[in-house]
Amino acid sequence: MQEAPKRDKSYRFQKFLLILFSSFILGIIFFFMFLIFYNREFQEKIYHGISISGINVGGLTREQAEQKLRENLKYPTEAAFVFTYGTDIWHAIPEELGMQIQFNQTVEKAWTIGRTSDIFENLRICMAALLFSYDLEPVLMFDERVAYNFISSLSGYIDEPFELPSITLQGSHVVIEPGKTGKAVDKLMTMTQLQILGKNLQTAQIALPVAKFEPTVVNLEEEKTKLESLIGQDFVLFFNQNGISQPIETIQADALAGWIHFEPVIENGLVKIQMSPKRDLFYNRLVEIAVQIEQKPQNARFVFNDTTHIIEPIADGVVGKKLNLEQTMLNIAAAIQAGQHEAEIAMIITQPVVDSHAVGADLGITQLVESQYTYFFNSDPARVQNITAAAASFHGVLIAPGETFSMVDKIGEIDIDNGYAEAPVIFGNETIQGIGGGVCQVSTTLFRTAFFYGLPIVERHAHAYRVFYYERIANGNIDPKLSGLDASVYVPVLDLKFSNDTPYWILMETYVNPNASSIQWKFYSTDVYRYVDWESTGPVNVTEPDEPIYRENQSLSAGEIKQVDYAVKGADVTVKRTVYQDGLVHLQDIFETQYRPWQSIFEYGPGTEGMPPELSKEDEEPSQ
């Protein structure tokens with residue numbers, strides 16, 4: 001009997017669960033049906049509860065929402081900013097400041113609310129918009145260039161340029177006038193304020209921020225004292241040699257101000273006078289000094305002792321010196337800026353490769369490998385003096401392996417101060433008196449020494465006409481076979497160059513014997529077993545000189561006739577050389593020489609009878 005009530009109670013509970021479950025299922029179905037209906041209803045519309053700057057656009061299509069915003073959002077054209085500075089006031093609407101609402105982008109932004117890929121997130125956003133509303137800021141375009149240009153136009157009424165102190169010199173007295181305070185609108189800060197207000201579609205009265213620039217002149221007296229001290233004393237350029245300062249150039253105090261550029265600058269809020277050298281003036285002066293003090297490094301000089309077979313020093317090496325222009329300019333600038341009265345000339349020092357302690361065997365100088373003579377019979381004392389002076393330039397000189405030797409580089413200046421005298425030289429189409437006549441006797445001797453030792457000849461120039469000094473042999477006779485083996489040098493245009501293509505150094509010795517009218521040139525090195533085979537055509541294609549030239553010389557007396565140049569026949573000479581080393585051909589070369597025919601020249605005094613001599617009728621007729 002008790003079983004029946006228990007079954008009723010169980011039945012009612014099951015029925016309750018069924019109803020509850022059915023209600024839940026129906027609720028879910030209803031929710032999804034509502035969701036489908038809501039999404040379909042708002043497929044082309046903005047969801048309810050969404051607004052832009054307080055303007056409700058929910059339930060509107062994008063086109064409707066944009067029209068509503070355009071009708072109600074008048075910020076760019078109706079709002080106004082007020083800019084003030086002191087009693088000055090300026091107005092500007094946002095549009096004039098580059099602010100524009102992007103209505104299409106703003107509506108698109110509102111329409112995308114609740115339309116993400118996450119269904120539950122969309123549901124949460126839509127419910128929140130329905131219950132609490134969802135307000136958005138419009139998309140505002142702020143063209144900073146337009147705003148900056150507007151603010152710059154305002155700053156034109158406010159800004160005042162800052163002026164540094166001016167500097168004038170009255171002799172060695174410095175006059176400094178204080179500068180002028182400046183001010184300028186802080187454009188960056190103003191732009192930042194506009195950006196913040198525009199983002200919230202707000203306007204405001206903006207007091208333009210203005211920065212003031214005022215020179216601090218408390219240290220000007222100190223700067224003035226330093227400047228007056230600098231230009232009140234001489235400025236010295238010195239060279240440091242072995243720890244001892246050696247003055248090279250002095251710029252006088254009364255001229256120094258014109259060599260320095262003065263400019264006031266601001267450093268850490270203080271006015272300072274920046275002093276710097278005027279580059280052109282100092283640089284040009286340094287170039288002049290560089291030419292004066294430049295010294296190429298020179299190896300020590302030696303002679304070879306033929307008895308002991310060792311080299312003995314006859315002159316120490318010379319350290320090379322060259323002015324470092326840019327570093328010296330930096331030194332000068334630093335000294336002037338510091339108010340100092342001297343600056344060091346920076347030098348590039350180059351040590352000689354070979355000093356006086358060198359050992360001949362280490363250089364490969366162990367024996368005499370070549371010796372040549374030329375003769376200068378009947379030379380006047382001035383020509384002999386020049387031969388002696390020029391030959392001395394090469395006595396004891398070393399030539400490194402692989403070096404191309406230049407006679408012009410080594411001989412130095414040919415002038416009176418270096419022991420040269422006036423003697424006949426070839427100039428143009430005649431022989432005249434000139435400093436250094438006879439130097440070519442030395443260059444010819446050197447050329448033949450290099451020629452017969454088998455060294456490559458890099459540069460060689462023949463004389464304009466045959467000079468018989470260079471064809472004479474020890475007994476004074478002329479050997480035509482030696483024609484074409486001369487070498488003309490004219491500093492700095494014509495040079496004699498040859499290369500030391502051996503692996504050993506070459507030591508040169510020169511000996512001039514005025515009594516024998518000879519010059520001997522010696523090469524000391526290590527024998528590389530070269531043999532020179534040469535042949536010469538001798539003078540061929542001989543041509544006669546033109547008729548003599550007669551010209552009046554005001555310095556001669558009437559009746560006085562003087563021959564100043566002598567006729568020489570022209571000719572061509574070809575010399576072929578083959579150099580063998582270790583039985584094989586080492587090099588072959590050809591030296592072509594074309595000597596011009598050279599006519600006699602006579603000078604006579606004014607009024608000399610029969611001068612110039614008359615040509616015969618036969619001579620006057622032109623040749624056919």
Side-chain angles (χ1 to χ4, degrees), residues 51-55 69-103 105-106 135-168 174-224 262-274:
S51 60
I52 297 171
S53 290
I55 299 172
L69 290 177
R70 290 184 181 276
E71 292 173 353
N72 291 277
L73 277 181
K74 301 294 186 179
Y75 175 78
T77 57
E78 294 184 356
F81 286 92
V82 178
F83 299 92
T84 65
Y85 178 72
T87 58
D88 294 326
I89 299 175
W90 299 271
H91 297 84
I93 62 175
E95 192 173 54
E96 293 175 313
L97 298 171
M99 297 180 186
Q100 293 287 343
I101 294 175
Q102 304 296 298
F103 289 103
Q105 296 178 27
T106 301
D135 193 51
L136 302 174
E137 294 178 352
V139 177
L140 182 74
M141 184 189 75
F142 181 32
D143 191 336
E144 295 183 358
R145 293 172 300 175
V146 176
Y148 186 86
N149 290 336
F150 181 85
I151 298 169
S152 295
S153 68
L154 300 186
S155 68
Y157 299 100
I158 300 170
D159 291 359
E160 293 180 359
F162 168 72
E163 294 182 5
L164 286 166
S166 63
I167 304 171
T168 56
V174 179
V175 178
I176 300 179
E177 294 293 337
K180 180 182 176 182
T181 299
K183 59 182 179 179
V185 173
D186 190 333
K187 298 181 182 67
L188 181 60
M189 183 178 292
T190 307
M191 292 278 291
T192 302
Q193 294 182 57
L194 286 176
Q195 194 169 33
I196 294 172
L197 291 168
K199 185 178 180 181
N200 297 309
L201 301 187
Q202 296 176 347
T203 59
Q205 179 174 309
I206 299 175
L208 290 171
V210 176
K212 291 187 176 182
F213 306 96
E214 187 171 358
T216 305
V217 296
V218 294
N219 65 317
L220 278 183
E221 195 61 35
E222 177 185 342
E223 292 292 300
K224 174 182 175 182
F262 308 99
E263 182 182 10
V265 295
I266 301 293
E267 288 186 9
N268 300 322
L270 297 177
V271 176
K272 291 193 174 183
I273 299 174
Q274 187 176 73

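Values reported hereafter were calculated over all heavy atoms of this structure, with side chains retained and with hydrogens, waters and symmetry mates removed.
Here the closest heavy-atom approach between residue D135 and residue G54 is recorded as OD1-N, 2.9 Å. Contact record, A79 with T203: CB-CG2, 3.4 Å, taken as the closest heavy-atom pair. Between L194 and I151, the shortest heavy-atom contact is CD1-CD1, 3.9 Å. Annotation for Q202 and Y75: closest pair O-OH, 2.7 Å, computed over non-hydrogen atoms. Heavy atoms only, all atoms of each residue included: A184 and D159 are closest at CA-OD1, 3.0 Å. Between L97 and F142 the shortest heavy-atom distance is O-CE1, 3.3 Å.
Using a 4.5 Å cut-off on side-chain heavy atoms (C-beta onward), W90 and Y157 make contact. Residues E137 and N200 meet the side-chain proximity criterion, which asks for heavy atoms closer than 4.5 Å. Between V185 and Y85 there is no side-chain heavy-atom pair separated by less than 4.5 Å.
Although no hydrogens or angles enter the test, the distance criterion places no donor-acceptor pair under 3.5 Å between the side chain of D186 and the main chain of A211. Side-chain N or O atoms of Q193 include none that pairs as donor or acceptor with a backbone N or O of T190 at under 3.5 Å. At distances below 3.5 Å, at least one donor-acceptor pair connects side-chain atoms of T106 with backbone N or O atoms of V139.
To the nearest 0.5 Å, atom OG of residue S155 and atom OH of residue Y148 are 7.5 Å apart. Taking CG from L140 and CD from Q105, the interatomic distance works out to 11.0 Å, rounded to the nearest 0.5 Å. Residue M99 holds its CE atom at 8.5 Å from CD of Q195, rounded to the nearest 0.5 Å. Here M141 contributes atom CE and Q100 contributes atom CD; the two are 5.5 Å apart, rounded to the nearest 0.5 Å. To the nearest 0.5 Å, atoms CD1 (I101) and CG (L69) are separated by 8.0 Å. Interatomic distance, N72 CG to I52 CD1, rounded to the nearest 0.5 Å: 11.0 Å.
For M189, the CE atom counts as loosely surrounded, since its 6.0 Å shell holds 12 or fewer non-hydrogen atoms of other residues, nucleotides or ligands.
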- Evaluation steps, side chain to side chain contact (heavy atoms under 4.5 Å, CB included), between D88 and L208: CA-CA 10 Å; D88 294 326; L208 290 171; over 6 Å; no
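For F150, the ring-ring contact (aromatic ring centres under 6.0 Å, His included) criterion is met by F83, not counting sequence neighbours.
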